[in-house]
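Worksheet for the structure shown next.
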There are 2 protein chains.
Amino acid sequence: MELARATNRSVRLRNRSALLSRLFLDGPLTRQDLMRSTGLSQPAISNVVSDLIGEGLVVEAGVAESDGGRPSMMLRVAPRFAFVIGVDVGETLVRVELFDLAMTVLARAGYPLDPARTEPATVAGHVLAGIDAVTTQARVSCADVLGVGIGVSGVVEQGTEAVVHAQALGWDRVPLERLIRSGTDLPLHIDNGANTLGQAEMWFGAGRGARHAVFALVGSGVGAALMTNGVAYRGASSSAGEWGHTTLVYGGRTCRCGARGCLEAYVGAEAIIDRYQEAHGGRAVPGGDEESRIAALVEAAASSPTARRVLEETAGYLGAGVANLINLFNPERVVLGGWTAMALGGLLPAIREAAGRQALRQPYEQASIELCRLGVDAVALGAATLPVARLLATGGLRPTVDNHHR
Amino acid sequence: MELARATNRSVRLRNRSALLSRLFLDGPLTRQDLMRSTGLSQPAISNVVSDLIGEGLVVEAGVAESDGGRPSMMLRVAPRFAFVIGVDVGETLVRVELFDLAMTVLARAGYPLDPARTEPATVAGHVLAGIDAVTTQARVSCADVLGVGIGVSGVVEQGTEAVVHAQALGWDRVPLERLIRSGTDLPLHIDNGANTLGQAEMWFGAGRGARHAVFALVGSGVGAALMTNGVAYRGASSSAGEWGHTTLVYGGRTCRCGARGCLEAYVGAEAIIDRYQEAHGGRAVPGGDEESRIAALVEAAASSPTARRVLEETAGYLGAGVANLINLFNPERVVLGGWTAMALGGLLPAIREAAGRQALRQPYEQASIELCRLGVDAVALGAATLPVARLLATGGLRPTVDNHHR
DNA sequence: ACAGCTTAATTAATGTCGTCATTAAAGTGG
DNA sequence: CCACTTTAATGACGACATTAATTAAGCTGT
């Protein structure tokens with residue numbers, strides 16, 4: 001199982017990684033805090049920290065209050081030690097953002113996509129243009145960029161090179177990594193948008209502190225990110241979490257994936273609109289795009305019993321879907337996100353109740369069901385955490401032997 | 001995330017654990033094999049191995065073939081270094097088995113349960129009696145028993161003391177660990193029977209070599225064991241894998257758990273019998289217990305179109321349930337077990353086909369769907385692997401400081 | 001049968017790294 | 001300015017793995 005041999009160096013590596021992670025995730029801490037939370041001895045902490053400071057990864061940031069005794073020095077990850085870029089390849093927009101290590105946005109760029117023809121090459125071009133745009137805009141050298149995280153709304157098969165299957169974009173086996181690679185040397189991390197969003201919520205949002213959490217995303221499509229033992233679970237070929245296409249109504253409505261009775265065929269935005277239309281005698285929901293029509297539907301629920309009933313049914317389906325997640329994963333937390341779920345925020349009590357009806361008592365009581373905190377824009381933020389996660393995991397050591405950078 | 005500090009000792013610990021695990025799981029190996037598979041240097045291997053041999057954990061077992069050059073020495077875990085006990089607390093029987101470290105059965109004991117009144121104290125008594133029986137029968141001292149693994153058909157909440165919720169036995173919050181603890185000092189490992197069975201298949205059966213696998217068990221009840229990254233995933237309160245109570249037919253048949261449309265309400269043994277009876281105009285399936293009635297039904301399918309249809313429908317439901325597992329977990333392998341699934345073995349092609357209809361293409365193609373190899377008796381074997389897993393994880397060092405045992 | 005070759009295992013020297021114990025530093029309060 | 005307290009830095013020590021060099025133990029062919 002464990003294939004990595006342990007050597008004396010790996011001890012240092014692990015400890016560096018542990019300290020750096022604590023500092024990154026839990027803000028400024030003193031050496032004493034680190035000592036308590038990692039269990040390492042004082043000299044070891046000081047030793048590692050002095051390395052990290054020497055390399056510019058960590059900086060001292062003021063002194064802590066003290067009532068008697070030498071006050072301890074606050075330590076934090078140097079915000080400008082390096083930068084990361086997060087990209088959100090959505091169905092209608094490619095958004096590129098540049099962050100420092102405090103995850104503050106320094107620059108943004110956006111490129112609308114024509115849903116009719118979303119050529120992979122076009123998207124790759126947008127990503128490369130965005131990288132260029134945000135770095136020049138913020139006057140950041142590419143040499144100081146740790147890497148580029150890219151969240152794509154589709155299945156991302158990780159291999160030697162990430163390959164993307166995105167039904168919504170009409171992509172099948174698109175070698176997105178290779179396409180982007182041809183225009184930049186920056187390290188690339190491509191992942192499912194649901195996973196990157198989940199990662200953002202896990203580190204900075206509703207998932208903080210949870211060990212096992214599920215991020216259930218309902219937008220045009222329906223998906224989920226599974227966090228087990230604090231990290232994303234991706235499965236054998238990185239497609240785990242395809243919650244939207246689990247069967248909830250055996251033999252039910254036909255889903256756009258071809259199967260019948262998928263959850264997405266009941267609670268995806270399009271499905272909700274369709275169901276309302278059917279219930280309403282064929283009359284369509286007013287409004288232009290899906291997003292405004294869902295908003296209109298939610299508003300109409302105040303006066304229209306039909307709209308209300310459709311939304312209540314939606315809560316029932318969604319609750320059952322959440323119950324399935326709870327029964328299978330036994331998470332501490334289920335976080336609902338995605339723009340449709342956000343628009344349906346008022347249904348949360350009904351969803352909870354429906355989940356309670358369908359889930360087993362014991363796991364249901366262990367799980368809290370909440371709304372996400374960061375909004376849908378967090379896909380890029382979450383993507384940007386991917387290179388950061390790598391930095392933390394490697395203890396801040398660049399993979400190759402270019403340790404001369406300081 | 002990682003709370004364990006790394007120290008120089010932990011290096012040795014990890015390497016011991018890695019070597020021991022390789023030796024246990026992949027049979028006799030040479031020092032050279034270990035060197036290649038772990039990446040450690042030759043002297044390090046020799047050093048650790050000589051410790052292990054000195055402590056009696058490992059023995060040399062003959063020499064390997066050689067065509068020129070000094071032949072290497074085969075090494076293996078000493079079968080009689082220690083013993084483990086596995087217990088299967090089923091719904092009708094408590095089975096206790098004693099194994100050596102080669103996982104050879106040395107002694108067995110069985111205690112039928114009266115399903116009407118399965119008092120926790122009675123079960124605990126049977127377990128204790130069984131421990132006594134198998135150790136005396138095989139003339140093994142309790143001091144040489146590493147621990148007792150117990151697989152229970154119910155949710156096992158791990159805490160300071162394992163607490164069992166077993167609907168089928170009418171148990172709620174039963175402090176089984178405390179009950180057994182009062183009669184023995186042996187280390188106890190209590191877990192869900194599905195998990196222990198999955199563990200057995202993972203190490204010795206259909207799961208060998210898989211990193212991510214799901215063991216789907218269909219018997220009277222329906223459950224699953226989830227193996228992620230080679231180990232059981234238990235979730236926040238150890239109830240992960242409650243596949244049987246996920247909703248497959250929204251608003252469908254009422255399940256014994258109280259919810260509606262659970263998978264178990266369609267493919268559990270009782271449900272199949274009920275569905276046949278309904279389809280057959282109320283006439284019951286002949287036969288005594290569930291097991292023989294399912295067998296009768298399978299046999300009847302050769303001549304009765306009704307029976308055939310019921311079984312085909314069952315394959316459809318089961319396939320959809322498997323598809324849900326595939327979509328959510330993206331496993332390399334789905335292994336079907338449990339006595340009902342075994343009886344329905346002939347349906348495997350139909351189940352595969354149904355799963356293919358409902359699952360997404362990409363994850364479906366990545367997953368193989370197979371029958372289990374070890375049979376239902378493997379619950380005790382799997383339970384017995386729990387103390388072994390602990391031994392391997394700790395590198396063969398007893399937790400307390402009693403290293404003077406050799 | 002014995003040199004000559006190959007592969008396996010052990011020994012020796014080196015270097016990394018965390019721990020314990022001790023010392024230096026940097027505050028507060030009387 | 002001197003006790004007292006808490007934080008940080010040193011130095012001796014021991015645990016371990018690594019590389020390089022030896023020794024051990026078998027084959028092969030003349």
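We name chains A, B, ... by the order of the sequence lines, and we start the count at 1 in each one.
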Q) Tell me: CZ of A/Arg14 to C1' of C/dG18, nearest whole Å? A) 13 Å

Q) Which pairs with one or both residues in residues 33-49 of chain A pass salt bridge (Lys or Arg N to Asp or Glu O under 4.0 Å), sequence neighbours excluded? A) A/Asp33-A/Arg36

Q | Basic-acidic side-chain contact under 4.0 Å: A/Arg12, A/Asp51 | A | yes

Q.
Once ring-ring contact (aromatic ring centres under 6.0 Å, His included) is applied, do any residues pair with A/Phe99, and if so which ones, sequence neighbours excluded?
A. none

Q) In B/S/- notation, 5' to 3', how is nucleotides 19-30 of chain C contacted by protein heavy atoms closer than 4.0 Å? A) SBB---BBBS--

Q. Side chains of B/Asn229 and B/Arg211: donor-acceptor distance under 3.5 Å anywhere?
A. yes

Q) Among all residues two or more places apart in sequence or in another chain, which pass the side chain to side chain donor-acceptor pair (under 3.5 Å) test with B/Asp191? A) B/Asn195, B/Arg234

(Q) Under 4.0 Å from a heavy atom of chain A: give me the 5'-most and 3'-most nucleotides of DNA chain D that qualify. (A) D/dT5 to D/dT18

Q: Output all residues satisfying side chain to side chain donor-acceptor pair (under 3.5 Å) with B/Glu201, sequence neighbours left out; order by chain, then residue number.
A: none

**Q.** Test side chain to side chain donor-acceptor pair (under 3.5 Å) applied to A/Asp26 - qualifying residues, sequence neighbours left out
**A.** A/Arg22, A/Arg208

Q: Compute the bend angle of the helix from C/dA1-D/dT30 to C/dG30-D/dC1 from the end axes (five pairs per end), rounded to 10°.
A: 0°

Q: Could I get the full list of ring-ring contact (aromatic ring centres under 6.0 Å, His included) partners for A/His189, not counting sequence neighbours?
A: none

(Q) Could you measure the distance from the OG atom of B/Ser238 to the CD atom of A/Gln366? Nearest 0.5 Å is fine. (A) 9.0 Å

Pull out every protein N or O sitting under 3.5 Å from an N or O of nucleotides 13-16 of chain C, one pair per line with the distance.
{"from": "C/dG15", "atom 1": "N2", "to": "A/Asn8", "atom 2": "ND2", "distance (Å)": "3.1"}
{"from": "C/dT16", "atom 1": "O2", "to": "A/Asn8", "atom 2": "ND2", "distance (Å)": "2.9"}

Q. B/Phe329 vs A/Phe329 aromatic rings, parallel, tilted or perpendicular, using cut-offs 30° and 60°?
A. tilted

Q: Just jot down the ring-ring contact (aromatic ring centres under 6.0 Å, His included) partners of B/Phe24, sequence neighbours excluded, or say none.
A: B/Trp203

Q | B/Phe215: ring-ring contact (aromatic ring centres under 6.0 Å, His included) partners, not counting sequence neighbours | A | none

